[in-house]
Amino acid sequence: MAAERDITESWSRLQVELSARRIAEDRVDFSTSAPFAGLRLVGGVDISYPRGDEGSDTAVVALTVLAFPSLDVLYAHSEAVAITAPYIPGFLAFRESAAYRAAFDRLRRSHPELWPQVVMVDGNGTLHPRRFGSACHVGVEMDVPTIGVAKNLLHIKGTDADAKQLKRLFAEDPELQEAPISAGSEIYGVAVAPAGESAKNPIFVSPGHRVSMRTAVELARCCSVHRVPEPIRVADLRSREVARQMEQGLFDSEA
DNA sequence: GCGACAG
DNA sequence: ATCTTGTCGC
């Protein structure tokens, strides 16, 4: 059975269809200039997978809401979620978006006043083969402004970007702040120099929904104290912590 | 045919 | 994503 090829074709078509609903310009309720006046709440989401059984279909999703510009953590929730779809490069949203929706639903009913004005997603936005990565998918589905932030470069044919070259480029030139990733005149995303002094590898930023490329990059930088922007970094820490507890719990119950 | 590929 | 301790540096 050529199962994966079929599902991939189906998903690919769906991405193209949904991308028609993506808004590439800034359409948010705060200023998209310099200090981002009016921006108070920035969200972040991430998912961690407990180690162990390969067939494990349980993961931990975390959603955070930080105050801007203080970056104080106002909300951080994580919960176990069932993961059914496999991870296939270029189709991450089909594996994780349902979990994100569940997390947002919980926030909406428990702390509606903390609904974020923009959300950073652990993955890519337009830095994707069909310009519709996980951040775009989640943004369009929930009609929430999103920004994609990836720690590694997703290979896109036609693009001249190479992870190793970019890594060297940023390591050798401390002055370098950004490097666009494009194919011809089409810009997919931007490799951004890591915040802080210890990290050298860039992060890859691209707009998801209702945010421009420029705003996506600027906001990612304004929310960073370490390599990974705070909203996502905190979500990563929280989901990871719970994932470990789950491993421990499984171990104890089996003993 | 081999390589490369967010999490 | 995850498997993993120490270690170099501020």
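Applying the ring pair (Phe, Tyr, Trp, His ring centres under 6.0 Å) criterion to A/F30, with sequence neighbours excluded, gives no partner residue.
Nucleotide C/dA1 holds its P atom 17 Å from the CD atom of A/E241, rounded to whole Å. For the pair A/D57 CG and C/dA1 C1', the interatomic distance rounds to 15 Å; values are reported in whole Å.
Aromatic ring pairs are classed by plane angle as parallel below 30°, tilted from 30° to 60° and perpendicular above 60°; the pair A/H137 and A/F132 is tilted.
Salt-bridge annotation for A/R221 and A/E218: absent, with no side-chain N of the basic residue lying under 4.0 Å from a carboxylate O of the acidic one. The residues A/R5 and A/E9 are annotated as salt-bridged, a charged nitrogen and a carboxylate oxygen being separated by less than 4.0 angstrom. Under a 4.0 Å N-O distance rule, the pair A/E178/A/R214 qualifies as a salt bridge. Between A/R240 and A/D46 no salt bridge is recorded (no basic side-chain N to carboxylate O distance below 4.0 Å).
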- Message: Using a 4.0 Å heavy-atom cut-off to protein, can you give one letter per nucleotide of nucleotides 1-7 of chain B, 5' to 3': B if the base is in contact, S if only the sugar-phosphate is, - if neither?
- Response: ----BBB

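The two atoms that bring A/V73 and A/A76 nearest to each other are CG1-CB, 4.0 Å, heavy atoms only.
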- Query: Where do A/T215 and A/D26 land on the side-chain hydrogen bond (donor to acceptor under 3.5 Å, both in side chains) test, with the steps shown first?
  - Reply: CA-CA 7 Å; A/T215 296; A/D26 287 315; 2.8 Å; yes

Report each atom pair, protein N/O against N/O of nucleotides 3-10 of chain C, whose distance is under 3.5 angstrom.
unit_1 : atom_1 : unit_2 : atom_2 : d
C/dC3  : OP1    : A/R51  : NE     : 2.8
C/dT4  : OP2    : A/R51  : NH1    : 3.1

